[in-house]
S.K.: 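Questions regarding the structure given below will be posed in turn.
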Protein chains: 2
Amino acid sequence: MCGAYSVRMRTRLDENMESLVGQLAHMCVASETAMSDATLALLDVDLAAAEQAIGCSDELARASTEWELAAFSLLALQSPVAYDLRFVVGGLRIVADIQRMGSLGVHVAKIARLRHPDHVVPTEVRGLFTRMGAVADRQAARCVETLRTLDTELAEQLLHGDEAMDQLHAELLATARSDEWKYGVQAAVDITLLGRFYERFCDHTVEIGRRIIWIQTGTAPS
Amino acid sequence: MCGAYSVRMRTRLDENMESLVGQLAHMCVASETAMSDATLALLDVDLAAAEQAIGCSDELARASTEWELAAFSLLALQSPVAYDLRFVVGGLRIVADIQRMGSLGVHVAKIARLRHPDHVVPTEVRGLFTRMGAVADRQAARCVETLRTLDTELAEQLLHGDEAMDQLHAELLATARSDEWKYGVQAAVDITLLGRFYERFCDHTVEIGRRIIWIQTGTAPS
């Protein structure tokens, strides 16, 4: 194979890889924003924020399909190996996680919109949702940074980010299930679903952390 | 390239592909069984069935990791193209869907175990859960058959299988949220979570149908 040709191919692979990395981070920003808008919609009864979050769904689906097609072309035409191949294979799962994070933000926003102009979240569990929103924001921001830098230390931090969320989620369910719950069944059903959406959002950020570590090291974290 | 060598490589690729197809169907049987055991645990207050469902989790995680490693090796060493490449790329998402279906079965079984020997499902919504369980069973069985045969007609049938589930799920939430609900908040929280698990289980079967169609035709269903 001609050396110049090989270098040109390598350069194109590098450019395509860089573009795939950039697009993942970009999509993750969209999912992060969807969930933070949804939290705003929920806690501040902000209909515009709910619509904003809901509006991101189609765009994320389109971006996800485009990413997959680009990854498929790269595999078909450039047969990446080692690190590059791990990135494309790992990325196929990461892109699904990111899209799902956005969908979970949309689910939260839809409940806020459905109940508007009423509050979905009773005063007693408002603090819990504020903290769940903050943990989701923090994890999503870390995810974006990890995808931008592909830094394993940041990815490691993602792995434990669901512990705080799991604790808040358990507390939320215990509150809704307790005999002292005084906000009725509808509110209990709503916050059960909402709590689940936040918890799953966080699970996906952990999965992304695990994938980044695998991409970088070739070994799945224990 | 020597012709005999090329034929040997092709044969090995075919064998590896066949093994990957077989493993997906095999894993899907495990997820199908987990959910049907979980439904049994739920409706018949059957602790052994709950334990059976919960026990599948580690095995499914291990099988999923093995599948991914085998797919990665195939991409790295045999650079499949066209249909074969679509199968491996699509399979990387399908394997995640199958694993998640198993996890949702485990979630259902864990709620049944937590409340044992009490019934989780109040009499009024028992019929709904029986039907949700039946839809989940039917979709999972179709999924197994679709993965065994890679038949696009079966895959098409999977695409609409979530409509019955969505309807049952909406009915369930409406019942729990209504003023007539008389089984208390704890039961409402439990059935809200359970309903969500069945609904998501079905969503994954639809996703698998979409992926199979893409693998076979190169075009995503609209």
Side-chain angles (χ1 to χ4, degrees), chain A residues 61 64-65 68-69 71-82 84-86 88-93 95-97 99-100 103 107 111 114 169 172-197 199-200 203 207 211 214 218 220, chain B residues 61 64-65 68-69 71-82 84-86 88-93 95-97 99-100 103 107 111 114 169 172-197 199-200 203 207 211 214 218 220:
Chain A
S64 172
T65 304
E68 282 188 51
L69 285 177
F72 183 80
S73 295
L74 197 144
L75 288 169
L77 302 175
Q78 303 188 277
S79 299
V81 291
D84 294 337
L85 181 57
R86 280 203 304 280
V88 177
V89 168
L92 285 164
R93 289 288 282 266
V95 83
D97 284 310
Q99 192 185 350
R100 193 74 208 132
S103 299
H107 288 346
I111 293 188
L114 188 70
H169 185 230
L172 181 75
L173 290 185
T175 309
R177 279 169 169 152
S178 79
D179 294 336
E180 279 83 52
W181 181 257
K182 55 176 185 272
Y183 305 96
V185 175
Q186 171 153 315
V189 169
D190 283 346
I191 69 158
T192 300
L193 288 174
L194 289 168
R196 178 79 187 153
F197 298 151
E199 189 219 1
R200 288 295 301 151
D203 287 345
E207 267 311 301
R211 290 279 156 191
W214 177 73
Chain B
S64 172
T65 304
E68 283 188 50
L69 285 177
F72 183 80
S73 294
L74 197 145
L75 287 170
L77 302 175
Q78 302 187 276
S79 301
V81 290
D84 294 337
L85 181 57
R86 281 204 304 280
V88 177
V89 168
L92 284 164
R93 289 288 282 267
V95 83
D97 283 310
Q99 193 186 350
R100 192 74 207 133
S103 299
H107 288 347
I111 293 188
L114 188 69
H169 185 229
L172 182 75
L173 289 186
T175 309
R177 279 168 169 152
S178 80
D179 293 338
E180 280 83 53
W181 182 258
K182 53 179 186 272
Y183 305 96
V185 174
Q186 171 154 315
V189 169
D190 283 347
I191 69 157
T192 300
L193 288 173
L194 290 168
R196 177 79 187 153
F197 299 151
E199 188 218 3
R200 289 295 300 151
D203 287 346
E207 267 311 300
R211 292 277 155 192
W214 177 74

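In what follows, chains carry the letters A, B, and so on, assigned in the order in which the sequence lines appear, proteins first and then strands, with residues in each chain numbered from 1.
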S.K.: What closest approach, in Å, do B:Ala188 and A:Val185 show between heavy atoms, and which atom pair accounts for it?
M.R.: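 That would be CB-CG1, 3.5 Å.
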S.K.: Which atoms of B:Ala82 are under 4.5 Å from chain A, going by heavy atoms: the side chain, the backbone, both sets, or neither?
M.R.: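 Interface part for B:Ala82: backbone (N, CA, C, O).
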S.K.: Examine whether an atom of B:Leu173 lies under 4.5 Å from a heavy atom of chain A, and if so say whether it belongs to the side chain, the backbone or both; otherwise answer neither.
M.R.: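 It is the side chain, since no backbone atom gets that close.
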S.K.: Report which part of A:Ala187 has an atom under 4.5 Å of a heavy atom belonging to chain B: side chain, backbone, both, or neither.
M.R.: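 For A:Ala187, neither part sits under 4.5 Å from chain B.
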S.K.: Check each atom of B:Tyr183 against the heavy atoms of chain A and say whether the ones under 4.5 Å are side chain, backbone, both or neither.
M.R.: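 Contact with chain A involves no heavy atom of B:Tyr183 at all.
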S.K.: Of all of B:Leu92, B:Leu77, B:Ile191, B:Val81, which one pairs up most often with chain A through heavy atoms under 4.5 Å apart?
M.R.: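 Highest number of heavy-atom pairs under 4.5 Å: B:Leu92.
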S.K.: Looking only at heavy atoms, what is the nearest atom pair of A:Val189 and B:Ala176, with distance?
M.R.: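 Closest approach of A:Val189 to B:Ala176: CG2-CB, 4.0 Å.
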S.K.: Is there a side-chain contact between B:Leu75 and A:Val88, using heavy atoms and a 4.5 Å cut-off?
M.R.: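 No, every pair of side-chain atoms sits at 4.5 Å or beyond.
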S.K.: Side chains of B:Phe72 and A:Arg86: does their closest heavy-atom pair fall under 4.5 Å?
M.R.: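 B:Phe72 reaches A:Arg86 side chain to side chain.
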S.K.: Compare every heavy atom of B:Arg93 with every heavy atom of A:Val95, then report the nearest pair and how far apart it is.
M.R.: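 Closest approach of A:Val95 to B:Arg93: CG1-NH1, 3.8 Å.
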S.K.: Under the salt bridge (Lys or Arg N to Asp or Glu O under 4.0 Å) rule, collect the residues that match up with A:Arg177, sequence neighbours excluded.
M.R.: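 With sequence neighbours excluded, A:Arg177 shows a salt bridge (Lys or Arg N to Asp or Glu O under 4.0 Å) to B:Asp190, given in chain and number order.
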S.K.: Check salt bridge (Lys or Arg N to Asp or Glu O under 4.0 Å) between A:Arg196 and all other residues, then give those that pass, not counting sequence neighbours.
M.R.: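 So A:Arg196 forms a salt bridge (Lys or Arg N to Asp or Glu O under 4.0 Å) with A:Glu199.
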S.K.: Heavy-atom pairs under 4.5 Å with chain B: which of A:Ser79, A:Ala96, A:Gly184, A:Ser178 has the most?
M.R.: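 It is A:Ala96.
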S.K.: Quick one: pull up CZ in A:Arg100 and CZ in B:Arg200 and give me the separation to the nearest 0.5 Å.
M.R.: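 Rounded to the nearest 0.5 Å, the CZ-CZ separation comes out at 3.5 Å.
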